[in-house]
Protein chains: 2
Amino acid sequence: MAKTDERVKPSRRPTIRDVSQLAGVSRMTVSRVISDPDLVLPATRQKVASAIADLGYVPDRAAGSLASRKTGFIALMLPTLTNANFAAVAHGLTEVLREANYQLLIAYTEYDMAEEERQLRNLLARRPEAIVLTGATHSKAASKLLLSADVPILEIADLPNHPIGHVIGFSNQEVGRTAARYLINKGFTRIGAVGATVEGEVLDHRGEERMRGFEDELRYAGLSTDAVVRHGKAPLSYDHGAAAIGVLLDKAPDCEAVFAVSDLSAVGVLMECQRRGISVPDHLSVIGFGDFEIGRIINPPLTTIHVDFNGLGQRTGKTIVELLKRGVSSETGRVDVGLSIIERKSVKA
Amino acid sequence: MAKTDERVKPSRRPTIRDVSQLAGVSRMTVSRVISDPDLVLPATRQKVASAIADLGYVPDRAAGSLASRKTGFIALMLPTLTNANFAAVAHGLTEVLREANYQLLIAYTEYDMAEEERQLRNLLARRPEAIVLTGATHSKAASKLLLSADVPILEIADLPNHPIGHVIGFSNQEVGRTAARYLINKGFTRIGAVGATVEGEVLDHRGEERMRGFEDELRYAGLSTDAVVRHGKAPLSYDHGAAAIGVLLDKAPDCEAVFAVSDLSAVGVLMECQRRGISVPDHLSVIGFGDFEIGRIINPPLTTIHVDFNGLGQRTGKTIVELLKRGVSSETGRVDVGLSIIERKSVKA
DNA sequence: CAAATTCATGGGACCGTTAACATGCGAGCG
DNA sequence: CGCTCGCATGTTAACGGTCCCATGAATTTG
């Protein structure tokens with residue numbers, strides 16, 4: 001073995017300094033090759049590139065972030081990841097941000113308000129360049145933290161009355177109203193709904209808003225809201241739907257049509273009906289919300305209210321990129337992505 | 001308005017220096033209050049705490065990371081987030097890491113190998129303290145990058161033959177074999193399977209391994225593998241199952257039992273059978289993999305092979321924490337979390 | 001009671017990168 | 001031909017924390 005060099009090479013990770021020495025240029029030139037190669041002469045660029053490859057150099061973004069005051073992080077707060085709609089949002093968001101070289105920092109609160117502030121602090125300590133929130137009710141402290149972060153804040157998947165930042169979403173109340181109108185127009189009069197109870201410090205109020213919108217519209221049409229059932233607690237699930245429809249039918253056996261605040265529950269309703277020999281849609285019509293994949297494949301296929309969550313995520317991503325690149329967004333501060341009814345077979349014609 | 005101070009307070013974020021000045025202590029003391037309060041006298045701690053609150057100070061982890069050489073990041077590479085099992089892994093992992101104050105950095109590759117290295121570089125630039133990979137086939141370059149990162153590497157949800165780090169997973173081949181043995185023991189002889197084709201640079205080979213294990217066991221029992229159908233491409237979906245069972249039945253109309261490499265496909269199979277009037281399990285038995293929630297609720301409930309993905313994530317998290325705190329793990333380098341058959345009604349007794 | 005030890009706090013260097021400005025050189029121009 | 005300009009590259013000083021060691025006071029010890 002050769003005698004070790006006087007300046008023994010430590011087995012630590014190579015830094016930009018090591019690269020610059022090997023390539024015979026300054027650190028700054030290496031930095032430029034990485035972040036904006038056009039500023040560097042092709043010949044130099046080449047030398048640097050091969051030095052990088054030889055050393056297996058990987059830049060340290062923490063150091064870079066500190067110096068440039070740009071972290072490349074975008075924070076996303078969700079109630080949960082184990083929900084196809086939220087996952088779709090995250091997905092669409094990533095697609096767009098990936099290209100612009102931002103890294104998503106995901107935090108989820110499990111619908112727990114106490115967790116929110118803690119998560120938020122952690123996120124903020126990473127100095128995200130923008131913060132995306134899903135329709136959450138923010139605590140006083142959380143709002144203060146958010147505002148003082150001094151970065152764009154985007155509230156998505158909702159249309160809050162008193163937003164603290166940009167809004168890209170849809171009205172959950174309108175979802176409920178739309179479902180009610182749809183069923184009313186079909187001629188049903190004994191109409192019910194299944195949702196979750198609201199108790200304690202629930203972070204996500206979106207389901208409840210859909211319920212309220214639904215009830216409002218029933219009342220507006222002079223119909224009874226007795227068959228609007230709140231059962232169990234969020235997050236909603238297939239089991240929730242199966243259990244809730246049982247409660248509903250006990251209460252209102254003559255119910256003709258039911259709105260489930262989530263397709264998850266709607267599927268549960270459908271399956272429970274199969275088991276009980278209640279024919280859908282002949283005996284009971286069902287409409288859900290969320291347009292989950294499963295709704296398309298079950299029998300009968302589920303009529304549902306669709307929101308383009310993936311597109312919502314993409315649009316949010318684009319807005320962020322605009323905001324950060326140009327300081328402004330082509331979107332106004334409040335965007336309603338709307339919703340649509342997907343008519344399938346679970347509602348009687 | 002009062003005349004502005006000579007040293008006008010800029011509206012920039014407060015730093016540890018601002019806090020230290022307001023509290024009348026050194027920066028180091030502030031740092032200690034944040035990272036290890038016990039080192040500081042209660043009275044001092046109190047002063048600092050209120051200075052922090054007054055200023056709304058939030059530490060900058062990028063700066064901290066640089067100085068301490070600890071980022072608090074754990075990297076997780078997944079094929080996709082829009083799969084309940086992977087989401088469950090991420091979920092379990094987060095639960096554990098949250099407590100230990102680590103932040104998960106999630107990257108997903110959409111089953112695309114070309115994307116892998118790019119993602120990996122991005123991740124590595126964030127200096128994660130550990131890297132978690134889901135059974136992926138690593139490119140040469142990717143492996144080199146991984147190794148030179150010099151942090152614990154955990155390969156999960158698989159049992160690779162030539163692991164490059166710790167392994168916490170289960171054998172996908174064994175899943176296939178178990179499914180085959182189960183059906184064979186039930187007395188079936190005309191047995192099929194549905195999975196995805198393998199073509200091009202597919203990152204996730206886990207489904208294919210289940211197919212292989214299944215075929216192996218059929219052969220071992222002297223049965224035909226003619227009804228083992230590879231159709232479409234990953235990621236699997238309900239539609240995949242619906243389409244694939246059509247192909248299978250065309251090929252082998254007398255098939256008695258079928259294994260779907262994913263519950264997603266299995267549910268698709270069940271629904272397509274409903275539509276075609278093929279009674280499950282009387283005419284066709286179905287077994288899936290993954291124990292997705294939907295399998296429990298559909299009719300008939302789906303017999304499936306269960307792996308505790310959430311627990312897998314938790315276990316991975318615990319191992320990481322041990323590794324990082326104590327430098328060793330109580331687990332050996334290779335852990336098989338095993339699997340179990342959940343018998344429901346989709347296989348004839 | 002002096003010496004040793006512990007404890008709370010402070011001082012300064014340093015982590016790896018980039019912003020901002022400086023420099024040197026050749027091309028273009030009147 | 002001297003001057004200006006533009007371009008490629010270099011120099012220096014941060015960025016906001018934490019590590020390591022020093023310091024001085026309080027406490028224990030022989």
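The sequence lines fix the lettering, A, B, ..., with proteins before strands; numbering per chain opens at 1.
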Query raised in the report: Do you know which two heavy atoms are closest between Pro59(B) and Arg127(A), and how far apart they sit?
Result: O-NH1, 3.3 Å
Query raised in the report: Quick one: Arg27(B) CZ to dT18(D) P, roughly how many Å, whole number?
Result: 10 Å
Requested in this report: Have a look at Ser26(A) and say if it touches a base, only the backbone sugar-phosphate, or nothing, with a 4.0 Å heavy-atom cut-off.
Outcome: base
Query raised in the report: Is there a donor in the side chain of Ser26(A) and an acceptor in the side chain of Thr29(A), or the other way round, less than 3.5 Å apart?
Result: yes
Query - dG10(D) phosphate, OP1 or OP2, under 4.0 Å from Thr29(A) side-chain N/O - result: yes
Query raised in the report: Below 4.0 angstrom, N of the basic side chain to O of the carboxylate: do Arg12(B) and Asp18(B) qualify?
Result: yes
Query raised in the report: What nucleic acid atoms does Ser35(B) come within less than 4.0 Å of, heavy atoms only: base, sugar-phosphate, or nothing?
Result: nothing
Report summary line: Rounded to whole Å, CZ of Arg13(B) lies from P of dC15(D) at a distance of 16 Å
Requested in this report: Rounded off to whole Å, could you give me the CE-to-P distance for the Met28(B) and dC20(D) pair?
Outcome: 10 Å
Query raised in the report: What's the CG-P distance between Asp36(B) and dT9(C), to the nearest Å?
Result: 13 Å
Report summary line: Per nearest nucleotide of DNA chain C, the residue lying toward the 5' end, Arg69(B) or Arg32(B), is Arg32(B)
Report task. Measure from CG on Asp38(B) to P on dA8(C) and round the result to the nearest Å. Result -> 9 Å
Report task. Measure the distance from CG on Asp60(A) to C1' on dG16(C) and round it to the nearest whole Å. Result -> 6 Å
Query raised in the report: At under 4.0 Å between heavy atoms, what does Thr44(A) touch on the DNA or RNA strands: base, sugar-phosphate, or nothing?
Result: sugar-phosphate
Report task. Look at the side chain of Leu41(B) and decide which nucleotide, out of dG16(C), dG17(D), dT9(C), has an atom nearest to it. Result -> dT9(C)
Requested in this report: Report the nucleotide, chosen from dT17(C), dG10(D), dG17(D), that has the shortest atom-to-atom distance to any side-chain atom of Thr15(B).
Outcome: dG17(D)
**Report entry** Atom pair distance, as rounded to whole Å: CG in Leu66(B) and P in dC15(C)
**Finding:** 9 Å
Query raised in the report: Aromatic rings Phe73(A) and Phe73(B): how do their planes relate, parallel, tilted or perpendicular, breaks at 30° and 60°?
Result: tilted
Requested in this report: Could you state the atom-to-atom distance from CZ of Arg127(B) to C1' of dT17(C) in whole Å?
Outcome: 11 Å
Query - Ser31(A) and Met28(A), any side-chain heavy atoms less than 4.5 Å apart - result: yes
